[in-house]
Amino acid sequence: MRVLIVDDHPLFAEGLRNLLAERGIDVVGMAHDGHEGLVRARALRPDVVLMDVTMPRLDGVEATRALKATLPDVTVLMLTQADDDEHLFAAIAAGASGY
């Protein structure tokens with residue numbers, strides 16, 4: 001499985017990358033905002049994108065919507081500390097497979 005991590009918190013993203021790599025998961029790249037995530041996903045063609053909800057320049061919900069429009073087979077799983085229905089429903093409506 002090829003995974004792209006999109007999160008604006010470098011320490012969290014690096015820790016997640018290390019955790020996944022230790023378990024044999026191929027982390028093909030990392031991005032620090034939704035715009036960069038779109039560019040990298042289109043170039044790297046991951047199987048799964050782990051996407052933060054709240055990021056600068058382009059948030060995770062809008063990035064997911066754009067990503068699914070161009071790469072519909074990519075699975076997007078949202079990562080967040082937010083615990084509200086608004087983000088959840090928006091992410092699922094945008095095409096995320098999990099939250």
Side-chain angles (χ1 to χ4, degrees):
M1 174 182 356
R2 297 168 40 84
V3 175
L4 172 66
I5 298 170
V6 183
D7 195 295
D8 64 325
H9 296 94
L11 186 60
F12 175 78
E14 188 64 30
L16 182 57
R17 183 187 71 78
N18 291 337
L19 183 70
L20 294 172
E22 286 175 5
R23 286 159 176 75
I25 296 173
D26 185 15
V27 178
V28 296
M30 295 173 55
H32 302 292
D33 63 52
H35 177 69
E36 184 182 2
L38 284 174
V39 171
R40 294 205 180 197
R42 290 175 180 145
L44 298 170
R45 304 287 179 155
D47 301 307
V48 175
V49 174
L50 300 177
M51 181 86 70
D52 188 9
V53 172
T54 308
M55 294 181 288
R57 291 188 355 158
L58 184 65
D59 70 33
V61 172
E62 291 304 317
T64 297
R65 185 172 288 113
L67 181 60
K68 294 299 281 187
T70 58
L71 297 171
D73 293 334
V74 172
T75 299
V76 178
L77 300 174
M78 304 304 287
L79 300 176
T80 185
Q81 293 178 340
D83 186 22
D84 63 78
D85 291 344
E86 182 180 338
H87 281 112
L88 168 63
F89 294 131
I92 299 302
S97 297
Y99 186 87

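At a threshold of 4.5 Å between non-hydrogen side-chain atoms, the residues L71 and V49 do not count as touching. Taking 4.5 Å as the limit, some side-chain heavy atom of F12 sits within range of a side-chain heavy atom of L79.
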- request: Could you walk me through whether L16 and D7 pass the side chain to side chain contact (heavy atoms under 4.5 Å, CB included) test, one step at a time?
  value: CA-CA 10 Å; L16 182 57; D7 195 295; over 6 Å; no
field: Check against side chain to side chain contact (heavy atoms under 4.5 Å, CB included), I25 and V48
entry: CA-CA 11 Å; I25 296 173; V48 175; over 6 Å; no
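Taking each heavy atom of P56 and D8 in turn, the nearest pair found is CD-OD2, 3.5 Å. Contact between V27 and R17 at its shortest, heavy atoms only, is CG1-CG, 3.6 Å. Among all heavy-atom pairs drawn from K68 and A94, the shortest one is CG-O, 3.9 Å. In this structure, G37 and L4 approach most closely via the heavy-atom pair O-CD2, 3.7 Å. The two residues R42 and R45 have their closest heavy-atom pair at O-NE, 3.2 Å. Scanning both residues, V61 and M78, for their nearest heavy atoms gives N-CE, 4.0 Å.
With hydrogens and angles left out, the side-chain atoms of H35 and D33 include no donor and acceptor closer than 3.5 Å.
Note on Y99 and V6: same hydrophobic cluster, where clusters join Ile, Leu, Val, Met, Phe, Trp and Tyr whose side-chain heavy atoms are under 4.5 Å apart, directly or indirectly. A continuous path of hydrophobic side-chain contacts links L67 to L88 [ILVMFWY only; heavy atoms under 4.5 Å]. Under the 4.5 Å side-chain heavy-atom criterion for ILVMFWY residues, no single connected hydrophobic cluster contains both L50 and L44. When hydrophobic clusters are built by joining Ile, Leu, Val, Met, Phe, Trp and Tyr residues whose side-chain heavy atoms come closer than 4.5 Å, directly or via intermediates, V3 is not grouped with M51. V53 and V74 fall within the same hydrophobic cluster, where Ile, Leu, Val, Met, Phe, Trp and Tyr residues are linked whenever their side-chain heavy atoms come under 4.5 Å apart, directly or through other members.
Between the CG atom in D59 and the OG1 atom in T64 there is a gap of 8.5 Å [rounded to 0.5 Å]. Note that CD of E14 and NE2 of H9 are 15.0 Å apart. Values are rounded to the nearest 0.5 Å. Considering CZ of R65 and CG of L58, their distance stands at 10.0 Å, rounded to 0.5 Å. For the atom pair CZ (R57) and CD (E36), the distance works out to 7.5 Å, reported to the nearest 0.5 Å.
Using modelled atom types, one side-chain atom of D47 and one backbone atom of R2 make a donor-acceptor pair closer than 3.5 Å.
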